[in-house]
Amino acid sequence: MALEQLGKACSRLSLVTRPVARFYGEQGEVGMSVLFTPLRVGGVELPNRIVIAPMCQYSAVDGCMTDWHLIHLGHLALSGASLLTIEATAVLPEGRITYADVGLWDDATEAAMGRTLESVRRWSGMRIAIQLAHAGRKASTEVPWKGGRQIPPNDANGWRTVAPSAIPYEGGEHPPVALDRHGLAQVREAFVAAARRAARLGADAVQLHGAHGYLLHQFLSPLSNRRDDEYGRSLENRMRFPLEVFDAVRAALIPECPVTMRVSGTDWLDGGWDIDQTIAFAQALEARGCAAIHVSSGGLTPSQRILVGPSYQVPLARAVKGKTRAPVIAVGLITEFEQAEAIVGTGDADLIALARTVLYNPRWPWHAAAHFGAQVKAPDQYLMSQPRQYRDLFDIGH
Ligand SMILES: Cc1cc2nc3c(=O)[nH]c(=O)nc-3n(C[C@H](O)[C@H](O)[C@H](O)COP(=O)(O)O)c2cc1C
């Protein structure tokens with residue numbers, strides 16, 4: 001064999017064994033695992049496309065994070081995902097889903113979150129986002145493992161809820177108070193103040209919770225918003241308050257800090273919020289500098305009818321992605337490596353988010369990287385755990 005040919009053969013060989021995210025497809029072509037390619041979201045560079053979705057832990061005391069949050073966020077921060085999203089964090093005490101929700105409305109809640117984040121950051125370089133939320137009419141409930149029912153306003157652990165209109169989430173519940181102009185301004189300012197606190201704590205991104213039937217979603221959906229002022233009736237009016245909140249938060253943060261929005265792509269009920277309205281909302285957000293749209297669904301009403309199955313919300317993400325340029329995050333029963341790869345690889349979404357999957361298997365991103373011949377960061381203390389057959393799994397560059 002001529003020296004030149006030998007050289008070419010060797011370089012092909014080294015291509016196969018190089019420790020990068022490459023694999024050979026059935027046709028013999030070299031492919032990349034898109035799941036393990038970096039992506040820039042606003043001013044933040046993410047090393048892969050795996051996001052940890054926000055997950056309420058109902059384990060705070062007076063809005064303050066506890067040791068549980070250090071355990072929970074700490075172990076997820078070692079998972080190899082690119083972004084860890086802190087649970088729905090209430091911007092006001094009455095915006096909590098339960099009395100045990102995390103908040104970020106005063107110095108005490110800020111200090112508690114600060115302690116947790118300082119510890120997590122000492123041992124993990126994972127980017128951290130905070131989801132800011134107000135539960136509106138779905139506030140003042142018992143924690144899920146105690147039944148999750150509404151707690152009446154006059155009970156200990158309960159309070160009077162607020163919403164766009166005085167329509168309860170479920171029949172028989174205490175109705176919320178419809179927010180007046182002053183109340184709207186207070187909520188908007190609370191989002192801004194919490195975003196400033198998040199920035200002080202070094203949050204890499206802020207996500208606004210516009211999904212799952214909470215306050216911003218209650219403004220969007222015609223089923224929960226029956227106002228007849230400039231915040232109700234038409235789509236433009238129903239989007240007004242969530243967009244005002246977005247604008248105010250965006251303006252309060254440095255341009256490099258991404259502000260994203262989580263949306264429900266549909267209420268899963270005729271006459272409710274749907275994918276066409278979601279696309280209009282996503283386009284309005286994109287025009288205002290929204291760094292990513294996270295597409296979930298449902299949560300507005302107990303009458304919703306959802307056919308749940310693997311990737312069941314991905315078609316909603318795909319529809320939004322087809323009509324916007326902002327990165328789109330898909331979520332919902334994404335459990336398998338090839339499933340996740342297909343979602344980002346075929347362009348249904350730019351990122352995937354995991355919730356239950358990563359609680360069940362907190363090293364899911366490690367296993368996915370091993371499956372695709374890619375690399376993940378692992379803490380120095382765990383480097384010895386690298387399996388013999390995955391010699392280059394851990395990215396040991398510091
Ligand atoms: C324990 C738990 C808590 C959750 N808390 C939140 C939350 O704080 N904010 C939110 O937007 N979604 C929350 N969700 C919804 C998840 O972020 C995710 O959208 C949903 O579970 C679907 O993804 P999965 O199939 O990977 O679990 C929660 C889900 C779980 C399982």
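In listed order, ligands and their atoms are each counted from 1.
- Among all protein heavy atoms, the one lying closest to atom 5 (N) of ligand 1 is C56 N, 2.7 Å.
- Among all non-hydrogen protein atoms, the one lying nearest atom 29 (C) of ligand 1 is M55 CG, 4.1 Å.
- Neither the backbone nor the side chain of Q57 has any atom closer than 4.0 Å to an atom of ligand 1 (non-hydrogen atoms only).
- Distances between N or O atoms of I334 and those of ligand 1 include no value under 3.5 Å.
- Here's the thing with R356: one of its N/O atoms is less than 3.5 angstrom from an N/O atom of ligand 1.
- Scanning all protein heavy atoms for the shortest distance to atom 20 (C) of ligand 1 gives A355 CB, 4.1 Å.
- Residue D270 qualifies as open at atom CG: its count of foreign heavy atoms under 6.0 Å is 12 or below.
- At most 12 heavy atoms of other shown residues, nucleotides or ligands fall within 6.0 angstrom of atom CG in D62.
- With W105 as the aromatic partner, R96 does not meet the cation-pi criteria of under 6.0 angstrom to the ring centre and within 45 degrees of the ring axis.
- Around OH of Y382, the count of heavy atoms belonging to other residues, nucleotides or ligands within 6.0 Å does not exceed 12.
- Those atoms of ligand 1 with a heavy atom of L333 less than 4.0 angstrom away are 24 (P), 25 (O).
- Regarding atom 7 (C) of ligand 1, its nearest protein heavy-atom neighbour is P54 O, 3.4 Å.
- A 6.0 Å sphere centred on CZ of R325 holds no more than 12 heavy atoms belonging to other residues, nucleotides or ligands.
- When only interatomic distances are considered, the shortest N/O to N/O separation between L354 and ligand 1 does not fall below 3.5 Å.
- Take T278 and apply the side-chain contact (heavy atoms from CB on, under 4.5 Å) test, not counting sequence neighbours, and it matches V263, W273, I275, V320.
- Residue-ligand proximity, Q131 to ligand 1, at heavy-atom distances under 4.0 Å covers atoms 7 (C), 8 (O), 9 (N), 10 (C), 11 (O).
- Under the 4.0 angstrom criterion for non-hydrogen atoms, G332 is in contact with ligand 1.
- The environment of CD in E236 is sparse: at most 12 heavy-atom neighbours from other residues, nucleotides or ligands sit within 6.0 Å.
- Numbered from 1 in the order shown, with element, the atoms of ligand 1 that lie under 4.0 Å from a heavy atom of A53 read 17 (O).
- Heavy-atom minimum distance, I329 versus I352: CG2-C, 4.2 Å.
- Annotation: A88 places an N or O atom under 3.5 Å from an N or O atom of ligand 1; distance criterion only.
- Within 6.0 Å of CG on D67 lie no more than 12 heavy atoms contributed by other residues, nucleotides or ligands.
- The protein heavy atom nearest to atom 11 (O) of ligand 1 is R262 NH1, 2.6 Å.
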